[in-house]
Student: 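Next up is a structure, given as structure tokens.
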Amino acid sequence: MSDPVRVRFAPSPTGHLHIGGARTAIYNWAFARRHGGTFVLRIDDTDAERSTPENTAAILSALRWLGLDWDEGPEADGGHGPYFQTQRAASYARALERLKTADAVYPCFCSAEELTASREAARATGTFAGYPRSCRAIDADAATTRIASGEPHTWRLKVPEGRGDVVFEDAVRGTSTFAADVLDDYIVIRSDGTPTYNFATVVDDAEMEITHIIRGDDHLSNTPRQILAYEALGAPLPTFAHLSMIWGPDGKRLSKRHGAANVEDYRDAGYLPEALVNYLALLGWSLDDKTTIIDAPTLVANFSLDRVSKNPAVFDAEKLEWMNGVYLRDMTAEEFVDRMAPVLSDAGLLAEEDAPERREWLCELAPLVSERVKRLDEIAPMVTFLFADTVTIDEAARAKVIEKEGADVALEAIANVLEALDDFTPEAVETALRSVPEATGVKPKLVFQAARVAVSGSTVSLPLFESLALLGKERSVARVRDAIGENHT
RNA sequence: GGCCCGUUAGUCUAGCGGUGAGGACGCCGCCCUCUCAAGGCGGAGAUCACGGGUUCGAAUCCCGUACGGGCUACCA
């Protein structure tokens with residue numbers, strides 16, 4: 001049996017949870033759950049300028065909303081903490097000491113200006129633009145003296161003499177090779193003593209015993225230098241798996257320029273977490289050649305890195321919307337009411353505390369709404385007429401239906417026939433309304449549309465008979481009567 | 001500039017040497033129908049980026065080219 005799987009998602013709190021980050025988190029989570037492993041959440045907040053506690057909180061809440069629970073991380077200690085890089089200075093210092101004694105690192109006194117200049121020069125000649133290793137030649141005693149005198153310096157990782165090409169097996173892309181001569185003596189500790197990203201991640205991943213690093217494609221080129229750090233530290237190498245990017249429709253990295261790019265944007269727009277997880281899971285991974293609706297348990301039972309595709313995927317908002325509709329429609333009335341109640345409350349249609357006593361009524365409404373809505377935020381406009389005392393008839397609808405020849409006659413008959421009903425069920429209402437065309441000689445289409453406009457204010461609404469039943473006899477009849485004579489105004 | 005990665009319909013994908021290149025979103029049409037949806041049925045849409053190989057046979061293997069993306073920071 002192999003070592004227990006430990007994976008991590010390590011967002012940088014420089015913004016909220018991005019769609020791309022969410023997919024990375026989903027894959028890590030699914031992989032951990034699939035293998036009975038541990039999902040670690042680590043906050044890579046070493047960018048002091050842009051990291052904020054608010055962003056961290058937003059990321060945690062977005063992950064929770066998606067249902068991606070972590071076994072170790074903020075608010076879930078697992079013995080490998082702390083889980084904020086800014087609290088791990090001791091680890092980095094310890095790692096640096098280890099590298100010093102192993103002679104795997106050396107101080108560099110070059111100024112930022114010098115480095116930029118040499119880089120530009122190298123780039124202009126078309127050769128390797130890495131650090132020329134100037135300070136590597138400074139002997140240890142001289143270096144110690146200069147450090148003691150307070151001269152600013154960084155620490156660079158020494159690419160071992162005679163190190164061959166760096167070759168590793170990427171779980172999604174296969175063998176990756178980086179030639180030895182492009183390996184760079186990169187900076188691991190900045191002049192202010194803080195670690196650079198490439199070093200901090202390796203130290204943390206090693207200490208946290210991460211076995212599989214599943215992350216974005218943008219880190220692929222960083223992998224060889226990280227591998228060098230693992231080797232210098234004497235730590236076992238994890239398996240790497242690089243995910244391709246998620247693009248906007250223009251083939252550029254998905255960003256706010258393309259519209260909603262954060263998980264919470266979708267939450268606020270009325271998307272369900274289960275639909276977003278399903279959609280994102282499929283953006284770069286597939287179960288087989290035909291399955292598209294995959295719930296979380298199914299994802300967990302089937303997720304594997306070898307079915308992750310190598311090519312970038314364009315985020316298709318329309319498909320997500322369709323999928324959200326599928327989840328909405330698949331809900332039971334009870335489930336749908338649970339999602340609908342907060343929406344009604346926010347829209348000021350039905351107070352949260354009044355919802356329980358009208359639960360039965362809401363459950364009757366639910367199936368009518370759920371099958372014609374793709375997002376939760378479409379609900380309120382659709383059902384407002386059922387909650388309001390009166391309804392304002394849409395101008396176009398009035399002109400098109402109420403002012404039609406015969407509409408008044410039909411409305412009169414509708415009101416009478418409804419009024420006569422004892423049992424105001426959809427079936428009874430339907431039977432009653434269906435008798436109107438014959439009795440009045442008005443075409444059925446007009447009869448139904450007139451009733452619809454009178455009651456809902458629009459030519460497009462939830463199904464008529466059910467709507468009337470939901471509205472109740474009194475209000476239904478009143479609205480139909482109110483509509484009569486509207487064409488004389 | 002250098003290095004790395006990618007390329008199957010508008011989009012997401014299946015495919016892993018022999019298929020009529022399969023599915024999904026979107027689009028179009030028909031059916032159902034009290035409107036709108038949903039649902040059912042059908043359709044259009046892919047010279048598998050291009051050019052060379054290897055092979056009896058290539059979307060699948062190899063090499064180039066083009067295009068796109070990433071990295072190349074004392075950002076992550």
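Because the structure is a prediction, the values reported are computed rather than measured.
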Student: Using both distances under 3.5 Å as the test, list the Watson-Crick or G-U wobble partner of rU19(B), or none.
Tutor: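 Base partner found: none.
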
Student: Within the supplied structure, the quantity of interest is the number of heavy atoms (other residues, nucleotides, ligands) at a distance under 6.0 Å from Lys100(A) NZ; does it exceed 12?
Tutor: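 Atom NZ in Lys100(A) is crowded, with more than 12 foreign heavy atoms closer than 6.0 Å.
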
Student: Enumerate the protein-to-nucleotides 59-61 of chain B contacts in which both atoms are nitrogen or oxygen and the separation is below 3.5 Å.
Tutor:
none

Student: Check every strand shown and say whether His219(A) touches a base, only sugar-phosphate, or nothing at a heavy-atom separation below 4.0 Å.
Tutor: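 Base: the residue His219(A), judged by heavy atoms under 4.0 Å, touches a nucleobase.
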
Student: My understanding is that only residues two or more places apart in sequence, or in another chain, count here; which of them pass side chain to side chain donor-acceptor pair (under 3.5 Å) with Arg146(A)?
Tutor: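 Result, side chain to side chain donor-acceptor pair (under 3.5 Å) vs Arg146(A): Glu151(A).
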
Student: Roughly, in whole Å, what's the span from CD1 in Ile227(A) to P in rC71(B)?
Tutor: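 My rounded result for the distance is 18 Å.
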
Student: So Gly325(A), base contact, sugar-phosphate only, or nothing? Heavy-atom distance under 4.0 Å.
Tutor: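 No contact at all - Gly325(A) keeps every heavy atom at 4.0 Å or more from the nucleic acid.
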
Student: Tell me every residue that passes side chain to side chain donor-acceptor pair (under 3.5 Å) with Asp288(A), counting only those two or more places apart in sequence or in another chain.
Tutor: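 In terms of side chain to side chain donor-acceptor pair (under 3.5 Å), with neighbours along the sequence ignored, Asp288(A) is linked to Thr291(A).
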
Student: List in chain and number order the residues that pass side chain to side chain contact (heavy atoms under 4.5 Å, CB included) with Asp306(A), two or more places apart in sequence or in another chain; answer none if no residue qualifies.
Tutor: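 Residues passing side chain to side chain contact (heavy atoms under 4.5 Å, CB included) with Asp306(A): Ser304(A).
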
Student: The criterion is side chain to side chain donor-acceptor pair (under 3.5 Å); which residues satisfy it with Asp289(A), sequence neighbours excluded?
Tutor: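 Per chain and number, Asp289(A) pairs via side chain to side chain donor-acceptor pair (under 3.5 Å) with no residue.
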
Student: In terms of ring plane angle, is the pair Tyr266(A) and Tyr271(A) parallel, tilted or perpendicular, where the classes change at 30° and 60°?
Tutor: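 Ring orientation of Tyr266(A) relative to Tyr271(A): perpendicular.
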
Student: Apply side-chain contact (heavy atoms from CB on, under 4.5 Å) to the pair Val383(A) and Leu368(A), showing each step before the final yes or no.
Tutor: CA-CA 10 Å; Val383(A) 303; Leu368(A) 307 182; over 6 Å; no

Student: Using a 4.0 Å heavy-atom cut-off, does Ser12(A) contact any base of the nucleic acid, only the sugar-phosphate backbone, or nothing at all?
Tutor: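 Sugar-phosphate only.
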
Student: Can you tell me if Ser309(A) touches the phosphate of rU13(B), counting only side-chain N or O atoms and a distance under 4.0 Å to OP1 or OP2?
Tutor: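 For rU13(B), OP1 or OP2 has a side-chain N or O of Ser309(A) closer than 4.0 Å.
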
Student: Scan every strand shown for a Watson-Crick or G-U wobble partner of rU11(B), both distances under 3.5 Å, and answer none if you come up empty.
Tutor: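 Its partner is rA24(B).
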
Student: For Leu283(A), which contact category applies under a 4.0 Å heavy-atom criterion: base, sugar-phosphate, or nothing?
Tutor: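 If one applies the 4.0 Å heavy-atom cut-off, Leu283(A) turns out to touch the sugar-phosphate alone, with no base involved.
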
Student: At under 4.0 Å between heavy atoms, what does Glu466(A) touch on the DNA or RNA strands: base, sugar-phosphate, or nothing?
Tutor: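 Base, at least one base atom sits under 4.0 Å.
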
Student: Paired with rU47(B): which nucleotide, if any, by Watson-Crick or G-U wobble criteria at under 3.5 Å for both distances?
Tutor: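 WC or wobble partner does not exist here.
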
Student: With a 3.5 Å limit on both atom pairs, tell me what rC36(B) is paired to, counting Watson-Crick and G-U wobble, or say none.
Tutor: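 WC or wobble partner does not exist here.
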
Student: Is rU55(B) paired to anything, Watson-Crick or G-U wobble with both distances less than 3.5 Å, and if yes, which nucleotide?
Tutor: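 Here rU55(B) is not engaged in any pair, so there is no nucleotide opposite it.
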
Student: Tell me whether Glu274(A) is salt-bridged to Arg339(A), with the criterion being a basic N under 4.0 Å from an acidic carboxylate O.
Tutor: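 Judged by the 4.0 Å cut-off on N to carboxylate O distance, Glu274(A) and Arg339(A) do form a salt bridge.
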
Student: Scan side-chain atoms only and decide if Gln226(A) and Asn198(A) contain a donor-acceptor pair under the 3.5 Å cut-off.
Tutor: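 Yes.
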
Student: Quick one: label Trp247(A) by what it contacts on the DNA or RNA (base, sugar-phosphate, nothing), any heavy atom closer than 4.0 Å.
Tutor: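 Since only primed, P, OP1 and OP2 atoms lie under 4.0 Å of Trp247(A), the category is sugar-phosphate.
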
Student: Classify Ser286(A) by what it touches in the nucleic acid, base, sugar-phosphate, or nothing, heavy-atom distance under 4.0 Å.
Tutor: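 Sugar-phosphate contact only.
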
Student: Look for any protein N or O under 3.5 Å of an N or O in nucleotides 39-42 of chain B and output each such pair with its distance, or none.
Tutor:
unit_1	atom_1	unit_2	atom_2	d
rG39(B)	OP1	Arg329(A)	NH1	3.2

Student: Is there a Watson-Crick or G-U wobble partner for rC41(B) with both distances under 3.5 Å, and which nucleotide is it?
Tutor: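 Checking every strand shown, rC41(B) finds its partner in rG29(B), with both distances under 3.5 Å.
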
Student: Relative to each other, are the rings of Phe109(A) and His153(A) parallel, tilted or perpendicular (30° and 60° limits)?
Tutor: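 Aromatic pair Phe109(A)/His153(A) classed tilted.
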
Student: Counting only Watson-Crick or G-U wobble pairs whose two distances fall under 3.5 Å, which nucleotide matches rC74(B)?
Tutor: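 Partner of rC74(B): none found under 3.5 Å.
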
Student: For Tyr27(A) together with His212(A), are the ring centres under 6.0 Å from each other?
Tutor: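 Judged by ring-centre distance (under 6.0 Å), His212(A) and Tyr27(A) do not meet the cut-off.
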
Student: Could you check whether any side-chain heavy atom of Thr154(A) comes within less than 4.5 Å of a side-chain heavy atom of Thr196(A), counting everything from C-beta outward?
Tutor: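 The answer is no, as the side chains (C-beta and beyond) never meet within the 4.5 Å cut-off.
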
Student: How far, in whole Å, is rU8(B) from rU55(B) if one measures between their C1' atoms?
Tutor: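 Looking at atom C1' only, rU55(B) and rU8(B) are 22 Å apart.
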
Student: If the cut-off is 4.0 Å, is Lys252(A) near the phosphate of rG69(B), judged by side-chain N/O to OP1 or OP2?
Tutor: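 True: Lys252(A) side-chain N/O within range (under 4.0 Å) of rG69(B) OP1/OP2.
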
Student: Taking the same atom, P, in rC31(B) and in rG22(B), what whole-Å distance lies between them?
Tutor: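 Result for the P pair: 28 Å, nearest Å.
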
Student: For Thr46(A), report the nucleic acid contact type (base, sugar-phosphate, nothing); a contact means any heavy atom under 4.0 Å.
Tutor: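 The answer is sugar-phosphate, as Thr46(A) gets under 4.0 Å only of primed atoms, P, OP1 or OP2.
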
Student: Return a single string for nucleotides 2-8 of chain B, one symbol per nucleotide in 5' to 3' order, where B is base contact, S is sugar-phosphate-only contact and - is none, cutoff 4.0 angstrom on heavy atoms.
Tutor: S-SSSSS

Student: Residues two or more places apart in sequence or in another chain: which of them pass ring-ring contact (aromatic ring centres under 6.0 Å, His included) with His242(A)?
Tutor: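 ring-ring contact (aromatic ring centres under 6.0 Å, His included) list for His242(A), sorted by chain: empty.
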
Student: Output the rounded distance in Å from CD (Glu371(A)) to P (rU33(B)).
Tutor: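 Roughly 15 Å, once rounded to whole Å.
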
Student: Taking atom types as modelled and ignoring hydrogens, do the side chains of Thr177(A) and Asp165(A) form a donor-acceptor contact shorter than 3.5 angstrom?
Tutor: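 No, no side-chain donor-acceptor pair sits under 3.5 Å.
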
Student: Check if the side chain of Lys290(A) and the base of rA14(B) share a donor-acceptor pair of N or O atoms closer than 3.5 Å.
Tutor: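 When only heavy-atom distances are counted, Lys290(A) does not reach the base of rA14(B) through any donor-acceptor pair under 3.5 Å.
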
Student: For the side chain of Ser461(A), counting heavy atoms from C-beta on, which of rU72(B), rA38(B), rU35(B) is nearest?
Tutor: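 Within the option list, the nearest is rU35(B).
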
Student: With sequence neighbours left out, what residues match Glu321(A) under salt bridge (Lys or Arg N to Asp or Glu O under 4.0 Å)?
Tutor: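 In terms of salt bridge (Lys or Arg N to Asp or Glu O under 4.0 Å), with neighbours along the sequence ignored, Glu321(A) is linked to Arg375(A).
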
Student: Less than 3.5 Å apart, any donor N or O on the side chain of Asp185(A) or Tyr106(A) sitting next to an acceptor on the other?
Tutor: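 Short answer, yes.
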
Student: If we take the P atom in both rC36(B) and rA49(B), what is their distance in whole Å?
Tutor: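 About 42 Å, rounded to a whole number of Å.
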
Student: Verify the contact: side-chain N or O of Arg434(A) to OP1 or OP2 of rC34(B), cut-off strictly under 4.0 Å; return yes or no.
Tutor: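 Result: yes.
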
Student: Write out all pairs satisfying side chain to side chain donor-acceptor pair (under 3.5 Å) with one or both partners inside residues 457-467 of chain A, taking only residues at least two apart or from two chains.
Tutor: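 Side chain to side chain donor-acceptor pair (under 3.5 Å) check on residues 457-467 of chain A returns Arg452(A)-Ser461(A).
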
Student: Can you pull every protein N or O that's under 3.5 Å from an N or O on nucleotides 43-45 of chain B?
Tutor:
none

Student: Tell me which residues in residues 438-455 of chain A lie within less than 4.0 Å of RNA chain B, going by non-hydrogen atoms.
Tutor: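 Hits under 4.0 Å, by residue number: Lys445(A), Phe448(A), Gln449(A), Arg452(A).
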
Student: Considering only atom P, compute the distance from rC5(B) to rG40(B) and round it to an integer number of Å.
Tutor: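 Taking atom P in both rC5(B) and rG40(B), they lie 44 Å apart.
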
Student: Expressed as a whole number of Å, how far does the P atom of rU47(B) sit from that of rU60(B)?
Tutor: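 Those two atoms are separated by 15 Å.
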
Student: Expressed in whole Å, how much space separates the P atoms belonging to rG51(B) and rA9(B)?
Tutor: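 Their P atoms lie roughly 15 Å apart.
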
Student: Below 4.0 angstrom from OP1 or OP2 of rC74(B), is there any side-chain N or O of Thr196(A)?
Tutor: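 No.
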
Student: For atom C1', what is the distance between rG43(B) and rA58(B), given to the nearest Å?
Tutor: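 Taking atom C1' in both rG43(B) and rA58(B), they lie 30 Å apart.
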
Student: Measuring only between side-chain heavy atoms, which start at C-beta, is Leu282(A) closer than 4.5 Å to Tyr279(A)?
Tutor: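 No - every pair of side-chain heavy atoms lies 4.5 Å or more apart.
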
Student: Would you measure the distance from the C1' atom in rU65(B) across to the matching atom in rC74(B) and give it in whole Å?
Tutor: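 Nearest-Å result for rU65(B) against rC74(B) at atom C1': 39 Å.
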
Student: Report yes if at least one side-chain N or O of Arg215(A) is closer than 4.0 Å to OP1 or OP2 of rG70(B); otherwise report no.
Tutor: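 Answer no for this pair, as no side-chain N or O of Arg215(A) is under 4.0 Å from OP1 or OP2.
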
Student: If the test is side-chain hydrogen bond (donor to acceptor under 3.5 Å, both in side chains), which one of Thr201(A), Asp44(A), Asp205(A) qualifies with Arg8(A)?
Tutor: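 Only one option passes, and that is Asp205(A).
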
Student: Any side-chain N or O of Arg50(A) less than 4.0 Å from the OP1 or OP2 oxygen of rA76(B)?
Tutor: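 So the side chain of Arg50(A) is outside the cut-off, no N or O lying under 4.0 Å from OP1 or OP2 of rA76(B).
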
Student: Any side-chain heavy-atom pair from Glu231(A) and Leu228(A) closer than 4.5 angstrom?
Tutor: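 Yes, at least one pair of side-chain atoms sits under 4.5 Å.
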
